[in-house]
Amino acid sequence: MNAPNNPQQFSFSFAETCDRGLVREENQDSVLRTMTPLGDLLMVADGMGGYQGGAVASRIAVDSISAYFASLPADYLPAKAIRESIIRANAEIITAASAPGSPYAHMGSTVVMALLQPKGANQDHSPTSPNVDANAGIRAWIGHVGDSRAYHVRDRRLFRITSDHSAVQAMLDRNLITPEQALNHPDSSVLTRSLGHEAELDPDIDSVQLEPGDSLFLCSDGLWGFVDERAIEAVAANSALDVETASAALLELALAAGGHDNVGIEFVRVANGDSKAHASSSAGSFQSTRMFGKLRPIEILVFALVTLGLIGALAYFAYLDHWFHIGGKAQQITPAPTKTVPAGSPSNPTPGQINPPTATQGTNAPSVQSGSGSKPQSRVTSPVNSPILTPQGSSATKPQNAHSVPHQTNPTPAQQQAIPAATKPSTPPSDPDGDQD
């Protein structure tokens, strides 16, 4: 819980979020909430200036302003502190952008900030909104440059505190375009004031009184630029939602609208001092809250599908590797050891012992043929149905049954006499080694 200086009367509940969105490759928004000698300080900055430049500029903005407030005494005038801190941040961004060799020559940032002070804190003559009540308990000082906005919620209604420093807002103020035309105007991204572009800068400063039950939130144009304010009001003014749920719901609205830009949000709600209040996260600045434990449903689904795909791919390759090794072993043919057999033995007869073929045997024994129409198949693409491969890689069908080959027996003398002379060699073939092929 982070309560103001008079916790018996009021307490605050805080929530913040900063998301890249669904389109941008980088998150260039920065948000910050911190406690300073002057009170609780909340900021949202929206960077610009190309890849990484915007992120650097928005980080410089929130860090510079925070450091300046930390150095001030508790009785420092709040409006003066806001003006000086923004001017200081502007100078730091310009210095960083103009440094020799800097890759961020055109970087800049918007900023909107709120300083929460209790009743009796330092008040000055800075401009205030008409509904300021000097006897009320909490005062919120608002400073901004650019088109990041501050909204006030009271009695289930949404009120915009800030006025954009943009070309479109200038045309609206002069009645040159209608609010409907402003929604999709080609100059909607053109700013008339921002940090980092001009040395002379005049921030706008305002203030509002906060009562128990009121809410205040700051946001970048990644929210209000794509979500209708009536939809924003329906969420922000719903007292049944705690600040964490309301902040997350606002982010979901932006993502549901396409998530075309980064979204930065700081949300605070005021309650009576005896009400339960808490801070959703420790004070500090950050540029992204999207962590594994806070993934959105669509991201969880994508993550699950990718994981299943990887598991399936690994299983498939393991399956192929298994059959590859099985097929490799089937191809390994170990030659039989060579054995010298003495001449004249039954397995190696002399020329005189050679039995001539019988008439039933014929001169040529039938050979084992490959099945007709058999198609070589790849062992990798279809390991289960592939035929056994020869060492040369050609397909081979299953050998025929042994009964299809005529069984050879030694002929009788009568059979030898029946063989025509033309089929018997008159002399044995010459074999220098004494072996018969």
Side-chain angles (χ1 to χ4, degrees), residues 16-31 42-50 53-55 57-58 61-62 107-114 142 144-153 158-173 176-197 204 215-237 246-267 287-290 296:
E16 57 191 359
T17 187
C18 191
D19 195 273
R20 178 176 58 86
L22 302 177
V23 176
R24 299 293 179 88
E25 295 182 356
E26 182 191 24
N27 188 5
Q28 297 189 341
D29 285 6
S30 293
V31 302
L42 297 83
M43 284 183 285
V44 170
D46 181 1
M48 65 197 80
S58 67
V62 297
M107 69 177 176
S109 180
T110 71
V111 69
V112 59
M113 57 191 298
I142 311 297
H144 91 286
V145 171
D147 62 355
S148 294
R149 293 181 176 180
Y151 287 94
H152 179 205
V153 179
L158 183 71
F159 303 93
R160 177 152 63 104
I161 302 171
T162 56
S163 178
D164 300 337
H165 297 148
S166 67
V168 169
Q169 184 63 52
M171 287 185 280
L172 284 171
D173 294 341
L176 298 178
I177 60 175
T178 65
E180 291 74 19
Q181 293 173 324
L183 294 176
N184 298 305
H185 198 279
D187 292 334
S188 59
S189 61
V190 177
L191 300 181
T192 56
R193 267 185 272 182
S194 64
L195 302 179
H197 291 157
D204 284 355
S215 296
L216 176 77
F217 72 94
L218 316 177
C219 66
S220 62
D221 64 339
L223 174 62
W224 68 260
F226 301 94
V227 181
D228 186 84
E229 286 189 340
R230 289 171 295 183
I232 295 176
E233 181 181 63
V235 172
S247 177
L250 290 174
L251 172 60
E252 289 299 325
L253 287 177
L255 298 177
H260 298 286
D261 202 354
N262 309 148
V263 182
I265 298 172
E266 284 282 353
F267 200 104
Q287 288 181 304
S288 179
T289 59
R290 193 187 307 176
R296 296 187 293 270

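Heavy-atom basis, side chains included; hydrogens, waters and symmetry copies ignored.
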Heavy-atom closest pair, residues Gly222 and Ala254: O-CB, 3.6 Å

Measure across Ala55 and Glu26 and return the closest heavy-atom pair with its distance rounded to 0.1 Å. CB-OE2, 3.4 Å

To the nearest 0.5 Å, tell me how far Arg193 CZ sits from Asp164 CG. 11.0 Å

Worked verdict on Ile265 versus Leu223 for side chain to side chain contact (heavy atoms under 4.5 Å, CB included): CA-CA 8 Å; Ile265 298 172; Leu223 174 62; 4.3 Å; yes

Asp147: which residues meet the salt bridge (charged side-chain N to carboxylate O under 4.0 Å, His left out) condition with it, sequence neighbours left out? none

Any heavy-atom pair between the side chains of Arg160 and Glu229 that's under 4.5 Å? yes

CZ (Arg149) and CD1 (Ile142) are apart, to the nearest 0.5 Å, by 14.5 Å

Using a 4.5 Å cut-off on heavy atoms from C-beta on, say whether the side chain of Leu216 contacts that of Val153. no

Evaluate the side-chain proximity of Gln169 to Ser163: yes if any heavy-atom separation is below 4.5 Å, no if none is. yes

For Phe217, check ring pair (Phe, Tyr, Trp, His ring centres under 6.0 Å) against everything at least two apart and list the hits. Tyr151, Phe267

Could you tell me whether a side-chain N or O of Asp187 sits under 3.5 Å from a main-chain N or O of Val168, the two making a donor and an acceptor? no

Single hit among Val31, Asp261, Val44, Asn262 for side-chain contact (heavy atoms from CB on, under 4.5 Å) with Ser220: Val44

Starting at CG of Leu191, measure out to OG of Ser109 and round the result to the nearest 0.5 Å. 10.0 Å

Side chain proximity check, Thr110 to Met48, heavy atoms < 4.5 angstrom: yes

Count the heavy atoms of every other residue, nucleotide or ligand shown that sit under 6.0 Å from CG of Asn184, and state whether that count exceeds 12. no

So, taking the atom named CG in Asp19 and the one named CZ in Arg24, what distance separates them when rounded to the nearest 0.5 Å? 13.0 Å

Donor-acceptor pair between Ser148 and Asp46 side chains, under 3.5 angstrom: no

Could you tell me whether the side chain of Leu172 reaches within less than 4.5 Å of the side chain of Ile177, counting heavy atoms only? yes

Would you say that Leu255 contacts Leu22 through its side chain, given a criterion of any heavy-atom pair below 4.5 Å between the two side chains? yes

In short, Ala45 meets Val62 closest at the heavy-atom pair CB-CG1, 3.9 Å

Residue list, ring pair (Phe, Tyr, Trp, His ring centres under 6.0 Å) with His165, at least two apart or on another chain: His144

So, taking the atom named NE2 in His152 and the one named OG1 in Thr162, what distance separates them when rounded to the nearest 0.5 Å? 13.5 Å

Nearest 0.5 Å please: distance from the CD atom of Glu266 over to the CG atom of Leu42. 4.5 Å

Taking the side chain as C-beta and beyond, is there a heavy-atom pair between Val263 and Trp224 under 4.5 Å? no

Under a 3.5 Å threshold, yes or no: a donor from one side chain and an acceptor from the other, between Ser188 and His185? no

Between Leu195 and Val145, what is the shortest heavy-atom contact and its length? N-CG1, 4.1 Å

